[in-house]
K.L.:
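Structure incoming, see below.
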Amino acid sequence: MTDKKFSSGFIAIAGKPNVGKSTLLNSIIGEKLVITSDKPQTTRNRIQGIYNLPDAQIIFVDTPGVHSATSRLNKTLVETAFDAIKGVDIIFLLVDSVKSPASQKEFILDVLKELKIPVILVINKVDLIEKKALLEQMESYSGIYPFKEVVPVSAVTADGVDSLVKLALDYLPEGPAYFPDDILTDLPERFVVAEMIREKVFRLTRDEIPYSTAVMIESFKEREDGLISINAVIILERASQKGIVIGKGGEMLKRIGSAARKDIEEFLAAKVFLKLFVKVTPNWSDNPQRLREYGY
């Protein structure tokens, strides 16, 4: 009797902005690794989540949404997305169930042209449509491109997510584990912490603050008593945004810090002292030097 073969590989999660790519990754991994928001373009970096099974390891790559780019930041995001798609073993291409297949056709063909990688179409947010409409969508999408599979899921409720992962295993090549089986991501702790803070800025200020907001971790120190002390700077583009983030009497900044600290403590499994500052750097998203400085 031969030993069961081990499979491993990389899967890129791609799609337009705000289709639920980060939510899907978090749902698969079972932990909050990347920020989620109803603002488009909250994901900016290639983010790797590691999913371990007894006979397989899947490295998921979350990508910025593919869209028409104008600013330097947007162009950088799109380049990052296309770079992430290259060199992976499988692509999960996410589409929104609320959008018609006809409206997605040009986007799908443009993203997948000349690619020879197995592509699984993932119809997300199926909790928002009726079953009959979903079946019609699945048939329509199958006529647009020769997808290996067309899988309906709800990333928010995790419905269909396990089935999606099981199907992906059929297309994963044999190979070794690339990472130890006790880690969930190759991202530095500082990066994840900064993303958690940035998410709270988006969630709590809603439409008042644009996505061109960065967070820099200035210090990250573990004290002798086990408490982790973190100083972070929220970077905005306009002076008018500073008052919104700080709020009357500093109330908004306190809410952002309190909400972020809870996520950070859960992620680090330690008590955290978090101190936030706010800084204005005009037009940083169009400044190549600033983009490099802020990690883009």
K.L.:
Just grab all the salt bridge (Lys or Arg N to Asp or Glu O under 4.0 Å) pairs involving residues 161-170, residues at least two apart or on different chains.
P.N.:
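Passing the test, one end in residues 161-170: no pairs.
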K.L.:
Taking Asn124 for its side chain and Val19 for its backbone only, find out whether a donor-acceptor pair lies under 3.5 Å.
P.N.:
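Judged by distance alone, yes, a pair lies under 3.5 Å.
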K.L.:
Kindly give the heavy-atom pair with the smallest separation between Val150 and Met138, and that separation in Å.
P.N.:
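It is O-CE, 3.4 Å.
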K.L.:
Of all heavy-atom pairs between Val153 and Gly160, which one has the smallest distance, and what is that distance?
P.N.:
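For Val153 versus Gly160, the nearest heavy atoms are CG1-O, 3.6 Å.
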K.L.:
Report yes or no: does Gln137 contribute a side-chain atom to a donor-acceptor pair with the main-chain N or O of Ser97 at less than 3.5 Å?
P.N.:
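Checking the backbone N and O of Ser97 against the side chain of Gln137, a donor-acceptor pair under 3.5 Å is found.
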K.L.:
Quick one: does Val192's side chain get under 4.5 Å of Leu268's, heavy atoms only?
P.N.:
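They are not in contact (no side-chain heavy atoms under 4.5 Å apart), so the answer is no.
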K.L.:
Relative to the ring of Phe60, is the ring of Tyr51 parallel (under 30°), tilted (30 to 60°) or perpendicular (over 60°)?
P.N.:
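Ring orientation, 0 to 90° scale: perpendicular.
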K.L.:
If you group Ile, Leu, Val, Met, Phe, Trp and Tyr by side-chain heavy-atom gaps below 4.5 Å, do Ile123 and Ile144 land in one group?
P.N.:
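Yes, one cluster joins them.
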K.L.:
Decide yes or no for Ile29 and Thr185: does some side-chain heavy atom of the first lie under 4.5 Å from some side-chain heavy atom of the second?
P.N.:
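Side-chain contact under 4.5 Å: no.
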K.L.:
Examine Val156 and Val95 and state if one hydrophobic cluster contains both, with Ile, Leu, Val, Met, Phe, Trp and Tyr joined whenever side-chain heavy atoms are less than 4.5 Å apart.
P.N.:
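No, Val156 and Val95 fall in different hydrophobic clusters.
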K.L.:
May I ask you to say whether Glu251 pairs ionically with Arg255, meaning some side-chain N is under 4.0 Å from a carboxylate O?
P.N.:
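Looking at Glu251 and Arg255, the cut-off is not met.
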K.L.:
So, Ser258 side chain and Lys254 main chain: donor-acceptor pair closer than 3.5 Å or not?
P.N.:
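Checking the backbone N and O of Lys254 against the side chain of Ser258, no donor-acceptor pair under 3.5 Å is found.
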K.L.:
CD1/Ile256 to CZ/Phe202 distance, rounded to the nearest 0.5 angstrom?
P.N.:
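Answer rounded to 0.5 Å: 10.5 Å.
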K.L.:
In Å, rounded to the nearest 0.5 Å, how long is the span from CD of Glu237 to CD of Gln241?
P.N.:
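Reported to 0.5 Å precision, the distance equals 7.0 Å.
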K.L.:
Mind checking what makes side chain to side chain contact (heavy atoms under 4.5 Å, CB included) contact with Phe273, not counting sequence neighbours?
P.N.:
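With sequence neighbours excluded, Phe273 shows a side chain to side chain contact (heavy atoms under 4.5 Å, CB included) to Leu227, Ser229, Lys275, given in chain and number order.
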K.L.:
For the residue pair Val122 and Ile13, establish whether any side-chain heavy-atom pair is separated by less than 4.5 Å.
P.N.:
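Counting from C-beta outward, Val122 and Ile13 never come under 4.5 Å.
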K.L.:
Apply the salt bridge (Lys or Arg N to Asp or Glu O under 4.0 Å) test between Asp96 and each candidate in Lys16, Lys125, Lys21; give the one that qualifies.
P.N.:
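For Asp96, the salt bridge (Lys or Arg N to Asp or Glu O under 4.0 Å) check succeeds only for Lys125.
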K.L.:
Report the distance from atom CZ of Phe10 to atom CD1 of Ile91, rounding to the nearest 0.5 Å.
P.N.:
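Output value for this atom pair is 14.5 Å.
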K.L.:
Taking side chain to side chain contact (heavy atoms under 4.5 Å, CB included) as the test, write out the residues that go with Thr157, two or more places apart.
P.N.:
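Thr157: side chain to side chain contact (heavy atoms under 4.5 Å, CB included) contacts with Ser154, Asp159.
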K.L.:
Could you tell me the separation between the CD1 atom of Ile230 and the CG atom of Leu274, rounded to the nearest 0.5 Å?
P.N.:
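It comes to 6.0 Å.
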K.L.:
Evaluate whether atom CD of Glu265 has more than 12 neighbouring non-hydrogen atoms of other residues, nucleotides or ligands under 6.0 angstrom away.
P.N.:
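Yes, enclosed.
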K.L.:
Do the non-hydrogen side-chain atoms of Asp89 and Tyr171 ever get within less than 4.5 Å of each other?
P.N.:
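Heavy-atom side-chain distance check fails, nothing below 4.5 Å.
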K.L.:
Is any side-chain heavy atom of Leu112 closer than 4.5 Å to a side-chain heavy atom of Phe147?
P.N.:
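A side-chain contact exists here, since the closest heavy-atom pair is under 4.5 Å.
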K.L.:
Any donor and acceptor pair, going by atom type alone, linking the side chain of Ser27 with main-chain N or O of Thr23 inside 3.5 Å?
P.N.:
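Such a contact is absent between Ser27 side chain and Thr23 backbone.
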K.L.:
Heavy atoms only: give me the nearest Leu172-Gln57 pair and the separation to one decimal.
P.N.:
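That closest heavy-atom pairing would be CD2-O, 4.0 Å.
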K.L.:
Test your reading of the model: is there a side-chain donor-acceptor pair from Gln104 to the backbone of Lys99, 3.5 Å cut-off?
P.N.:
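Side chain of Gln104 to backbone of Lys99, a donor-acceptor pair under 3.5 Å: no, none is there.
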K.L.:
Within a strict 4.5 Å, meaning less than it, do heavy atoms of the Asp263 and Lys200 side chains meet?
P.N.:
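Yes, their side chains come closer than 4.5 Å.
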K.L.:
Looking at every heavy atom in both Arg190 and Ile217, which two are closest together, and how far apart are they?
P.N.:
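Looking at all heavy atoms of both residues, the closest pair is NH1-O, 3.3 Å.
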K.L.:
Between CG of Leu169 and CD1 of Ile58, what distance do you get to the nearest 0.5 Å?
P.N.:
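So the gap between those two atoms works out to 4.5 Å.
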K.L.:
Starting at OG1 of Thr281, measure out to CD1 of Ile235 and round the result to the nearest 0.5 Å.
P.N.:
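Going from the OG1 atom of Thr281 to the CD1 atom of Ile235 covers 5.5 Å.
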K.L.:
Would you say the side chain of Leu135 lies within less than 4.5 Å of the side chain of Glu139, judging by non-hydrogen atoms?
P.N.:
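With C-beta onward as the side chain, the pair stays apart.
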K.L.:
Linking I/L/V/M/F/W/Y whenever their side-chain heavy atoms sit closer than 4.5 Å, directly or via other members, would Ile11 and Leu184 fall into one cluster?
P.N.:
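Yes, one cluster joins them.
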K.L.:
If you compare all heavy atoms of Phe6 against all heavy atoms of Ala56, which two are closest, and at what distance to 0.1 Å?
P.N.:
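Between these two residues, the closest heavy atoms are CE1-N, 3.4 Å.
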K.L.:
Would a 4.5 Å heavy-atom cut-off, applied to side chains only, mark Ile108 and Tyr141 as touching?
P.N.:
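They are in side-chain contact.
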K.L.:
Determine the minimum heavy-atom distance between Arg261 and Val272, stating which atoms define it.
P.N.:
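That would be CD-O, 3.2 Å.
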K.L.:
State yes or no: do Leu109 and Val119 share one hydrophobic cluster built from I, L, V, M, F, W and Y residues joined by side-chain heavy-atom distances below 4.5 Å, directly or via other members?
P.N.:
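Cluster IDs for Leu109 and Val119 match.
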